[in-house]
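What follows is a short report on a single structure.
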Amino acid sequence: MRHTHAVLLLESGADMKYIQKRLGHKSMMVTADVYSHISKKLDQNRIKDYEDYVLVIMELD
């Protein structure tokens with residue numbers, strides 16, 4: 001359940017530092033190494049964020 005909780009926090013947009021503190025890890029690297037594997041939802045969100053960002057840049061020109 002701990003792993004699921006961490007992944008759901010990531011998918012909801014929680015900051016890695018917040019997750020580290022919530023799980024009680026001394027190092028953010030431990031948190032990132034264990035819990036930052038890419039889920040399909042995380043990957044889709046990152047691609048959408050990138051596409052939105054590029055659209056904003058294109059509109060500025």
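Position 1 is the first residue of the sequence; numbering continues from there.
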Closest approach of A6 to L23 (non-hydrogen atoms, all atoms of both residues): CB-CD1, 3.9 Å
L10 reachable from M28 in the ILVMFWY side-chain graph, under 4.5 Å edges: yes
More than 12 heavy atoms from other groups under 6.0 Å of NZ on K17: yes
CD1-CG distance between I19 and L9, expressed to the nearest 0.5 angstrom: 5.0 Å
Taking every non-hydrogen atom, the tightest pair across N45 and E11: ND2-O, 3.7 Å
Joint hydrophobic cluster, Y18 plus V34, side-chain heavy atoms closer than 4.5 Å: yes
Interatomic spacing from CD in Q20 to OH in Y35 - rounded to 0.5 Å: 12.0 Å
E51 and L55: CA distance, side-chain angles, deciding distance, side chain to side chain contact (heavy atoms under 4.5 Å, CB included) verdict: CA-CA 6 Å; E51 289 172 347; L55 285 174; 5.5 Å; no
Hydrophobic cluster identity match, M16 and L8, side-chain contacts under 4.5 Å: no
